[in-house]
Amino acid sequence: LYLSPELLLSAEFQKVFGDVHFDRIAVDEAHCVSTWGDSFRPDYQRIRVAVGRMHIPHCSAFTATVDSKIEADIKKRIPLRSDFLRVAAPPERGNLLLKIEKPLKGSETPVVAGSTKSNRLFQLLTIPEYRGAAIVYCGARDSATSLYLRLRRYESVLKARGYTPHLFHAGIPYEDKVRALDGFLNDPQPL
């Protein structure tokens with residue numbers, strides 16, 4: 001079964017699967033146990049409760065976002081065996097560029113109607129060395145949707161630059177997520 005911690009801990013899941021013997025639980029995005037667990041995904045911190053209640057003998061945890069402090073916290077909150085195996089790769093990826101950009105200053109000419117951050121994004125999309133797929137992270141679903149709608153108003157300009165905008169966040173329907181992922185993987189330069 002592949003399910004979220006919220007579903008694992010739900011009464012519905014316990015009602016249907018409470019008597020089933022599971023040999024192993026694998027926790028993906030295990031950094032959520034530590035990093036965002038208190039406010040963003042609190043049920044990650046209750047996985048230990050479900051493991052104990054269901055008598056699951058083996059636990060695994062996976063994450064690509066961990067430092068020694070978070071790893072120690074994961075080990076406290078998920079009942080991993082003593083023969084815990086840590087496989088680590090360097091965080092640098094040669095095929096990715098991660099850069100923090102500042103918004104436009106008030107004196108600069110705006111590219112599109114909207115926020116200074118949107119204008120800076122449009123400027124960046126014209127820089128030749130930044131060619132390729134782009135992922136724009138937003139702090140909230142509403143912000144992502146708002147930016148996506150703004151980008152859609154300029155879709156012909158973006159397409160001329162080789163970009164097709166796609167919206168992706170936890171609240172969109174599954175079919176739209178599949179379409180966005182397909183666009184990201186197969187469009188010449190998705191955004």
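Nearest heavy-atom pair, Arg77 versus Gln45, reported as atom, atom and distance to 0.1 Å: NH1-NE2, 2.5 Å. Across all their heavy atoms, His21 and Pro57 have their closest contact at CE1-CD, 4.3 Å. Minimum heavy-atom separation, Pro165 to Arg152: CG-CD, 4.0 Å. Smallest separation of non-hydrogen atoms from Ala30 and Ile78: CB-CD1, 4.5 Å.
The hydrophobic clustering, which links ILVMFWY residues whose side-chain heavy atoms are closer than 4.5 Å, places Phe62 and Val33 apart. Under a hydrophobic-cluster definition in which Ile, Leu, Val, Met, Phe, Trp and Tyr are linked whenever side-chain heavy atoms come within less than 4.5 Å, directly or via other members, Leu167 and Tyr174 are assigned to different clusters.
A salt bridge between Glu12 and Lys15 is absent, with no side-chain N of the basic residue lying under 4.0 Å from a carboxylate O of the acidic one.
Residues meeting the ring-ring contact (aromatic ring centres under 6.0 Å, His included) test with Phe17, sequence neighbours left out: Phe13. Remark: Tyr148 pairs with no residue by the ring-ring contact (aromatic ring centres under 6.0 Å, His included) rule, at least two apart or across chains.
Within the 4.5 Å cutoff, the side chain of Ile135 has no heavy atoms near those of the Phe168 side chain. The shortest distance between side-chain heavy atoms of Ile47 and Asp43 does not fall below 4.5 Å. The shortest side-chain heavy-atom distance between Leu121 and Leu151 falls under the 4.5 Å cut-off. Residues Cys59 and Val51 are in side-chain contact: their nearest non-hydrogen atoms beyond the backbone lie under 4.5 Å apart. The side-chain heavy atoms of Ser60 and Ile25, taken from C-beta on, include no pair separated by under 4.5 Å.
Distance check, rounded to the nearest 0.5 Å: CZ of Arg46 to CZ of Arg53 gives 7.5 Å. With values rounded to the nearest 0.5 angstrom, His58 atom NE2 is found 11.0 Å from Ile56 atom CD1. Between Ile70 atom CD1 and Cys32 atom SG the span is 10.0 Å, to the nearest 0.5 Å. Going from atom CG of Leu8 over to atom CG of Leu1 covers 9.5 Å, rounded to the nearest 0.5 Å. Between the CD atom of Glu29 and the OH atom of Tyr44 there is a distance of 6.0 Å, given to the nearest 0.5 Å. Here the straight-line distance linking atom CD1 of Ile74 with atom OG1 of Thr63 works out to 5.5 Å at 0.5 Å rounding.
Heavy atoms of other residues, nucleotides or ligands lying less than 6.0 angstrom from CG of Asp23 number more than 12.
Using modelled atom types, one side-chain atom of Ser10 and one backbone atom of Leu7 make a donor-acceptor pair closer than 3.5 Å. The backbone N or O of Arg141 sits less than 3.5 Å from a side-chain atom of Thr145, completing a donor-acceptor pair.
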Under the side-chain contact (heavy atoms from CB on, under 4.5 Å) rule, what do Val157 and Lys159 come out as? Steps first, then yes or no, please. CA-CA 6 Å; Val157 173; Lys159 284 194 184 240; over 6 Å; no

For side-chain contact (heavy atoms from CB on, under 4.5 Å), just list the numbers for Glu71 and His31, CA-CA rounded to whole Å, side-chain angles, deciding distance to a tenth of an Å, and then say yes or no. CA-CA 8 Å; Glu71 182 179 332; His31 57 275; over 6 Å; no

Name the atoms and distances for all side-chain donor-acceptor pairs under 3.5 Å in residues 176-183, with sequence neighbours left out.
{"residue": "Asp176", "atom": "OD1", "partner": "Arg179", "partner atom": "NH2", "Å": "2.4"}
{"residue": "Lys177", "atom": "NZ", "partner": "Ala170", "partner atom": "O", "Å": "3.4"}
{"residue": "Asp182", "atom": "OD1", "partner": "Asn186", "partner atom": "ND2", "Å": "2.5"}

